[in-house]
Amino acid sequence: MKTLSENKAFGGVQGVYSHSSEACACDMTFGLFLPQEAADGPVPVLWYLSGLTCTHENAMIKAGAQVWAAEQGIALVFPDTSPRGEGVADDEDYDLGQGAGFYVNATEAPWAPHFRMWDYVAEELPALLADSFAIDPDRQAITGHSMGGHGALTLAMGLPGRYRSVSALAPICNPSASDWGAKQLTAYLGADRDAWARHDATLAMRARGFDGPILIDTGTEDQFIDLLRPQALAEAIAERRQQATMRLQPGYDHSYFFVSSFMEDHVAFHAQALWG
């Protein structure tokens, strides 16, 4: 693992690191904020998964999460959204290929050799963090924005017992029924829709739900709300009687202005579960 940068921030350290990923068969970069409490021992960790076209850097710089994480004494992890580099498949469309991994393990050509973001986020990167930093693997929570919200919800429901809480900001809620999903799931996983189910938060909610609290925020003026389909997930939550809070925030769009406006709420929500 290589240290690319480390900066003092809110009493802690915001670092950027790279390493050779076995899961993705390429070098991967991630951001990690450690609060000052990490100097004395392992701290809880909140994963932040970013959306389409993003790298590890977008949320690290724009979300304003570090100040609230420092206040709560928890670490933040900012993984990249896909494998990258020479020899990694890509597409001319912004919503497929590099920057658009959708947090799945691809099985189809040309994506299968590198696009294994589920394994990367669920297994490889957590193991690396536990070995290299003062992170408590027994106290994890997960959040994300847009495509990252989709990833946060599906990972939380797909890995029972891993995360104490899950939240999402403007998540893609029902990708099987959306152009932000059906296209990518077909490309990465093939035409068999049964293989998509674990990567659709609405279907996963109906199938198994989540053993813990959920918080979801979406702006009423989100320009992509028809692609996000929050109503489908709300119906599944109601049918299952899942513990969850879904909020429509008046006037907010899909941007990081929206994300940063509610980041304090989301960090505090997770802190309650992580320290509870």
Cluster overlap [X] with [Y], hydrophobic side-chain contacts below 4.5 Å:
X: Leu169; Y: Trp68; answer: yes
X: Trp275; Y: Val67; answer: yes
X: Val267; Y: Leu34; answer: no
X: Met60; Y: Met1; answer: no
X: Val166; Y: Val259; answer: no

Neighbour count above 12 (heavy atom, 6.0 Å) for [X] [atom1]:
X: Glu22; atom1: CD; value: no
X: Glu239; atom1: CD; value: yes
X: Asp211; atom1: CG; value: no

Could you point out which residue of Ser82, Pro113, Pro83 forms a side-chain contact (heavy atoms from CB on, under 4.5 Å) with Cys24? Pro83
Look up atom [atom1] in [X] and atom [atom2] in [Y], then write down how far apart they are to the nearest 0.5 Å.
X: Arg164; Y: His270; atom1: CZ; atom2: NE2; result: 13.5 Å
X: Asn105; Y: Leu189; atom1: CG; atom2: CG; result: 8.5 Å
X: Ile237; Y: Arg241; atom1: CD1; atom2: CZ; result: 14.5 Å
X: Ile142; Y: Leu153; atom1: CD1; atom2: CG; result: 9.0 Å
X: Met263; Y: Gln66; atom1: CE; atom2: CD; result: 9.5 Å
X: Leu4; Y: Phe30; atom1: CG; atom2: CZ; result: 9.0 Å

Heavy-atom side-chain contact between [X] and [Y] under 4.5 Å:
X: His150; Y: Phe102; result: yes
X: Ser167; Y: Ile216; result: no
X: Tyr252; Y: Phe257; result: no
X: Leu49; Y: Thr143; result: no
X: Phe269; Y: Ser165; result: yes
X: Val104; Y: Met117; result: no
X: Phe262; Y: Asp265; result: yes
X: Val77; Y: Leu46; result: no

Any sub-3.5 Å donor-acceptor pair from [X]'s side-chain atoms to [Y]'s backbone N or O?
X: Asp200; Y: Ser176; answer: yes
X: Arg240; Y: Arg208; answer: yes
X: Gln184; Y: Gly97; answer: no
X: Trp196; Y: Gly190; answer: yes
X: Gln140; Y: Pro137; answer: yes
X: Gln98; Y: Val88; answer: yes
X: Ser5; Y: Gly15; answer: no

So which heavy atom on [X] is nearest to which on [Y], and how close?
X: Asp217; Y: Arg247; result: OD1-NE, 2.6 Å
X: Ala112; Y: Thr107; result: CB-C, 3.8 Å
X: Leu96; Y: Ala100; result: N-CB, 3.6 Å
X: Phe33; Y: Ala9; result: CE1-O, 3.3 Å
X: Trp118; Y: Gly158; result: CH2-CA, 4.2 Å
X: Ala236; Y: Arg206; result: CB-CG, 3.8 Å

Report the C-alpha distance between Trp180 and Leu52 in whole Å, list the side-chain angles of each, state the deciding distance to 0.1 Å, and finish with yes or no for side-chain contact (heavy atoms from CB on, under 4.5 Å). CA-CA 10 Å; Trp180 267 4; Leu52 287 167; 3.7 Å; yes
Does the ring center of His145 lie less than 6.0 Å from the ring center of Phe78?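 Ring centroids of His145 and Phe78 are no less than 6.0 Å from each other.
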May I ask you to check whether Tyr17 and Phe133 place their ring centers less than 6.0 Å from one another?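 They qualify: ring centres under 6.0 Å apart.
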side-chain hydrogen bond (donor to acceptor under 3.5 Å, both in side chains) assessment of Ser146 paired with His254: CA-CA 8 Å; Ser146 193; His254 199 72; 2.9 Å; yes
When you check the side-chain N and O atoms of Thr154 and His199, is any donor under 3.5 Å from an acceptor?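 Absent: no donor and acceptor within the cut-off.
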Could you go through residues 224-234 and list every donor-acceptor pair under 3.5 Å that involves a side-chain atom there, pairing it with any protein atom two or more places apart or in another chain?
from	atom 1	to	atom 2	distance (Å)
Arg229	NE	Asn174	OD1	2.9
Arg229	NH2	Asn174	OD1	3.1

Does the pair Thr218 and Gln249 meet the rule for a side-chain hydrogen bond (donor to acceptor under 3.5 Å, both in side chains), with working shown? CA-CA 6 Å; Thr218 303; Gln249 300 293 357; over 6 Å; no
Would Arg84 and Asp80 satisfy salt bridge (charged side-chain N to carboxylate O under 4.0 Å, His left out), going step by step from the backbone distance to the final call? CA-CA 9 Å; Arg84 299 179 191 272; Asp80 203 348; 2.7 Å; yes
Determine, step by step, whether Thr29 and His56 satisfy the side-chain hydrogen bond (donor to acceptor under 3.5 Å, both in side chains) criterion, reporting the C-alpha distance in whole Å, the side-chain angles of both residues, the deciding distance to 0.1 Å, and the verdict. CA-CA 7 Å; Thr29 300; His56 69 281; 5.2 Å; no
Over 60° means perpendicular and under 30° means parallel, so tell me whether Tyr120 and His19 are parallel, tilted or perpendicular. parallel
Val45/Leu76 under side-chain contact (heavy atoms from CB on, under 4.5 Å): CA gap, chis, key distance, verdict: CA-CA 6 Å; Val45 59; Leu76 295 168; over 6 Å; no
Go through Glu124 and Ser21 one step at a time and tell me if the side-chain contact (heavy atoms from CB on, under 4.5 Å) criterion holds. CA-CA 8 Å; Glu124 185 176 25; Ser21 167; 2.6 Å; yes
Ion pair Arg116/Glu123, N-O distance below 4.0 Å: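 Glu123 and Arg116: not salt-bridged.
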Check the pair Trp111 / Tyr188 against ring pair (Phe, Tyr, Trp, His ring centres under 6.0 Å), numbers first and verdict last. CA-CA 6 Å; Trp111 314 106; Tyr188 295 141; 5.5 Å; yes
Dump the intermediate steps for salt bridge (charged side-chain N to carboxylate O under 4.0 Å, His left out) on Lys2 and Asp27, then the final yes or no. CA-CA 10 Å; Lys2 298 178 181 177; Asp27 287 345; 5.7 Å; no
Output, in order, the C-alpha distance, side-chain angles, deciding distance and verdict of side-chain hydrogen bond (donor to acceptor under 3.5 Å, both in side chains) for Gln14 and Glu6. CA-CA 6 Å; Gln14 175 62 64; Glu6 287 185 333; over 6 Å; no
